[in-house]
Protein chains: 2
Amino acid sequence: MADVAREVGASTITVSRALRRPEMVSEGLRQRIAVAVEELGYLPDPAARALASRRSNVIGVLIPSVTNNVFADVLAGLYDTVGGTAYNVQLGNTRYDTQVEEDLVRIFLSQRPAGLIVAGVDQSPASRRLLQQAECPVVQIMELARDPIDMLVGFSHRDAARAATEHLLDRGYRVPAFIGARMDPRSERRRAGFCDAIRAADPRARIRELTTNEPSSVRLGGALFDRLRADAPEIDAVFCNNDDLALGAQFAAQRAGLRIGPDIGICGFNDLEVMSAAHPAITSVRTFRREMGEIALQRLLARIEGADDPSEAVVDLSWRLEPRSSTDRG
Amino acid sequence: MADVAREVGASTITVSRALRRPEMVSEGLRQRIAVAVEELGYLPDPAARALASRRSNVIGVLIPSVTNNVFADVLAGLYDTVGGTAYNVQLGNTRYDTQVEEDLVRIFLSQRPAGLIVAGVDQSPASRRLLQQAECPVVQIMELARDPIDMLVGFSHRDAARAATEHLLDRGYRVPAFIGARMDPRSERRRAGFCDAIRAADPRARIRELTTNEPSSVRLGGALFDRLRADAPEIDAVFCNNDDLALGAQFAAQRAGLRIGPDIGICGFNDLEVMSAAHPAITSVRTFRREMGEIALQRLLARIEGADDPSEAVVDLSWRLEPRSSTDRG
DNA sequence: AGGAATATTGACAGCGCTGTCATTCGTCAA
DNA sequence: TTGACGAATGACAGCGCTGTCAATATTCCT
C-alpha cells in the first residue's frame with residue numbers, strides 16, 4: 001500500500017480510503033490510485049485489515065455436516081453469493097454436536113467475524129448467549145422459530161411433513177409409516193408433522209415408524225424399509241425423512257416385487273434432483289436449499305454494510321409438495 | 001494475552017511461546033500459563049498472529065464446484081482432517097474456469113496461506129508459476145501428472161476408465177458407448193481411457209459417444225442415453241462419465257423396457273453410495289475421494305510442520321472396479 | 001573450580017493496515 | 001470582506017501478536 005501511495009504521491013491513508021470508501025476521495029486521485037493498484041498488482045492484506053479495524057472479513061458458517069446433500073446445496077448458494085464480495089466464508093463442522101458447536105462459536109467469535117450463519121435453532125444456552133452478545137449480525141438457517149437470535153431464514157419442517165403425510169392419506173393410502181435416520185432436531189420435527197397428520201385423520205391411530213440415529217444412506221433406506229415391512233406388513237405407504245431413504249425404500253420395494261404406487265406409496269423429503277428422474281419418479285417435498293444459502297448471506301451482507309433496518313428479520317422460504325408416480329395408486 | 005502474562009507474572013512473549021512451542025517453556029510456567037489461559041478463556045487473535053508471523057493459518061482449497069458429490073466427499077475428508085488442528089480451510093470456487101482459478105490463486109497468496117490445495121493439474125501457466133514460487137507447500141489433487149507443482153495426490157482417470165471399458169468387453173458386450181457431461185479435463189481423460197480400450201480391442205472400431213458440457217445430473221443421463229440409442233441402436237453397453245449419468249441411464253433403460261444387464265450394460269464412475277444400493281446394483285469404478293482429501297491435507301500439514309523430506313511427493317490412490325448386476329449379461 | 005554449553009526468559013520493534021483527530025483549502029451567506 | 005462550513009487529505013498511534021537478539025540462570029564437562 002505504501003508503494004501505491006508513493007506512486008500517486010498521496011498518503012497511505014488516502015489510498016486506504018480510496019479502496020474502502022471511494023466517495024471520500026476526489027475523483028482524480030481515486031482514478032490514479034486505481035491505476036496504480038492495478039499496475040502494481042496490489043492486494044490488501046486481510047490480516048492487517050482485520051487487526052487494525054478490529055473486524056475480519058470472515059463469514060462464519062456452522063453446519064452439522066459437509067457431505068450431506070442438503071448442506072452441500074446451502075453451501076453452493078452461500079459460495080455463489082459470497083463470490084465477488086470482499087468476504088470469505090469459513091465453515092465450521094459441528095458434527096451434529098451442540099458442544100462442538102459451542103466451541104466453534106467461541107473460536108469464530110475470537111476472530112471478530114463480519115457475520116455468522118448457524119444451522120438450526122437448537123443451540124446450547126451458552127451458544128445462544130454468545131451469539132446474542134456478538135457484535136456481528138447472525139442468521140439462523142434451515143428452520144423457523146419464534147425467538148430468533150437475530151435473523152432467520154428457513155421453513156417449517158413440521159408443516160411440510162404434515163402436508164406430505166396428508167398427501168399420502170388423500171391419495172388413499174391407509175397405513176402410512178415413517179422412516180427416519182439421523183434423527184436431528186429437524187428430523188424430529190418432520191416426524192412430529194407426520195404424527196400430526198396421522199392423528200388428525202384418526203386420533204386413535206397407532207404410529208408406525210422405524211427410526212435410527214445412523215447417518216442416512218440409500219442402502220439404509222432399503223434396510224429400514226425391509227425391517228419395517230417385516231414388523232408391520234400392513235403398511236401401504238412410507239414417508240421418508242429424506243430422499244436418500246426414499247430412494248433406498250423404492251429400490252427395496254422393487255426388489256420385493258411390489259408395484260411402486262399401487263402396492264406401496266413412497267414419499268421423500270427435499271426433492272433432490274434424482275427424485276424426479278427416478279423410475280418411477282418419486283414424490284417429495286421440495287425445499288429451497290440453495291436459496292436458503294443465498295438469501296441468508298444476502299441479508300447478512302446487507303446488515304454488515306449498514307442496513308440497520310431488520311425489516312424482515314425472519315424469512316419463511318416455505319416448501320412445495322411435488323406429487324409423482326410413487327404415490328399414484330393408479 | 002497480556003492478561004494471561006500478568007496473571008502468571010511472565011512476559012507476553014513467554015505466554016506466546018508456551019502456546020506455540022511448549023517445549024521451550026519450563027514445565028511449571030507452562031502449567032500455570034495453561035491454567036490462566038483456561039480461566040480467562042483466552043483465545044489468540046489469528047489476525048494478529050498472521051500479521052506478526054507473516055503467515056496465516058489458512059489452508060486455501062481451490063475446487064471447481066461445491067455441490068458436486070465428488071468434491072463434497074473430498075471436502076469432507078479435508079474438514080475431518082483439519083478439525084482439531086489450528087488451521088482453517090478456506091474454499092475457493094473456480095467454477096471450472098482457469099481464469100477464475102488464477103484470480104483466486106492471487107487472492108489466496110496475498111493472505112500468505114499456510115498451504116494450498118488445488119484440484120486438477122491443468123492450471124494456467126500464470127497460476128502454475130505463482131504456485132511454484134509460493135513460499136508455502138502446495139498439493140494438487142484428483143489426478144496424476146508427470147510434473148507436479150509440488151505434491152500430488154490422485155489417481156489415473158484414464159487407466160480407471162480403460163479398465164471399466166475392458167470390463168464391459170470382457171463381460172461380452174460388443175458395442176459399448178461413452179456418455180459424458182461436464183467435460184472437464186478429468187472427464188476428457190476418462191473418455192481417452194474409454195477410447196484406449198475400444199481401440200485395443202479393435203483398432204478400426206468406431207467410437208460411439210455422446211457428450212455435453214452441461215453439468216451432469218441424473219435426468220441428463222437419461223436424456224443422453226435416449227438420444228444415444230436413437231442415433232446408434234446397436235449399442236449394448238454404456239460407460240458413463242459419472243454415477244449420476246449412469247443412474248439416469250439405468251432409469252431410462254428401465255423406462256424403455258430394457259433388462260439391465262442382459263439387454264444393456266451400464267457402468268458408472270466414482271461408486272457413490274447409491275450405486276451398490278440401486279436395483280439392480282450398478283457397476284462402477286470406486287474412487288477414494290474422502291481419502292484424497294484426508295491424505296492431501298495430512299501431507300500438507302506434515303510439510304508445514306517442518307517435515308522437509310518430500311519422500312512421497314506423489315501419492316497414487318488408484319481405484320477399484322466394482323462389478324455388479326448392471327454389467328451381468330446373465 | 002572454571003568455563004562452555006544449554007535452557008529459560010525478556011526487551012524491543014514492527015508486521016500492514018485503519019480509527020481518530022487535525023489540517024488545509026475552497027465556497028458561500030451575511 | 002469575513003467567518004463558518006464542508007470536502008479532501010494527512011499525521012499519528014496502535015490493533016495483538018511474533019521474530020530477533022540479548023540476558024540470565026542452570027547444567028555439564030574437564
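Note that the structure is a prediction, hence the values are computed from the model and not measured. Lettering follows sequence order; numbering is per chain, from 1. Just the heavy atoms: all of them, side chains too, but no hydrogens, waters or symmetry mates, feed the values below.
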DNA chain C-proximal residues of [range], any heavy atom under 4.0 Å:
range                       : value
residues 25-35 of chain B   : V25(B), S26(B), L29(B)
residues 45-55 of chain A   : D45(A), A48(A), R49(A), A52(A), S53(A)
residues 102-113 of chain B : R112(B)

Output all residues satisfying side chain to side chain donor-acceptor pair (under 3.5 Å) with R55(B), sequence neighbours left out; order by chain, then residue number.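 If we apply the side chain to side chain donor-acceptor pair (under 3.5 Å) test to R55(B), skipping adjacent residues, the hits are E135(B).
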Task: Q132(A): side chain to side chain donor-acceptor pair (under 3.5 Å) partners, not counting sequence neighbours - done: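 By the side chain to side chain donor-acceptor pair (under 3.5 Å) rule, Q132(A) matches no residue at all.
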Exercise for the section: Please tell me if the side chains of V139(A) and R303(A) come closer than 4.5 Å, counting only heavy atoms from C-beta onward. Expected result: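 Sidechains of R303(A) and V139(A): no contact.
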Basic-acidic side-chain contact under 4.0 Å: [X], [Y]:
X       : Y       : answer
D150(B) : R299(B) : no
R95(B)  : D80(A)  : yes
R128(B) : D147(B) : yes

Double-helix bend of the helix from dA1(C)-dT30(D) to dA30(C)-dT1(D), axes at both ends from 5 pairs, round to 10°, gives 30°
DNA chain C nearest-nucleotide lookup for E23(B) and P44(A): closer to the 5′ end is E23(B)
Looking only at side-chain N and O atoms, does E27(B) offer a donor or acceptor that is under 3.5 Å from a partner on Q31(B)?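 Checked: Q31(B)/E27(B) side chains pair up, N/O donor to acceptor below 3.5 Å.
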May I ask you to check whether Q90(A) and N88(B) show a side-chain donor-acceptor distance below 3.5 Å?
-> yes
Name all residues meeting the side-chain contact (heavy atoms from CB on, under 4.5 Å) criterion together with [X]; count only those two or more places apart in sequence or in a different chain, and write none if there are none.
X       : result
P148(B) : Q140(B), L152(B), V314(B)
R146(A) : none
L29(A)  : V8(A), A10(A), T14(A), V25(A), S26(A), R32(A), I33(A)
D184(B) : Y96(B), R186(B), S187(B)

Partner of Y87(A) under side chain to side chain contact (heavy atoms under 4.5 Å, CB included), picked from V58(A), I304(A), L300(A), T81(A), is I304(A)
How would you label the contact of R17(B) with the nucleic acid (heavy atoms, under 4.0 Å): base, sugar-phosphate, or nothing?
->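 Base contact - R17(B) has a heavy atom under 4.0 Å of at least one base atom.
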Taken to the nearest 0.5 Å, the spacing of I107(A) CD1 from D103(A) CG works out to 6.5 Å
Atom CD1 of I13(B) and atom P of dG10(C) are separated, to the nearest Å, by 10 Å
Residues pairing under ring pair (Phe, Tyr, Trp, His ring centres under 6.0 Å) where one sits in residues 112-156 of chain B, two or more places apart or in two chains, turn out to be F155(B)-H157(B)
**First and last nucleotide of DNA chain D, 5' to 3', lying under 4.0 Å from heavy atoms of chain A** =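 Under 4.0 Å from chain A, the extent on DNA chain D is dA8(D) to dG16(D).
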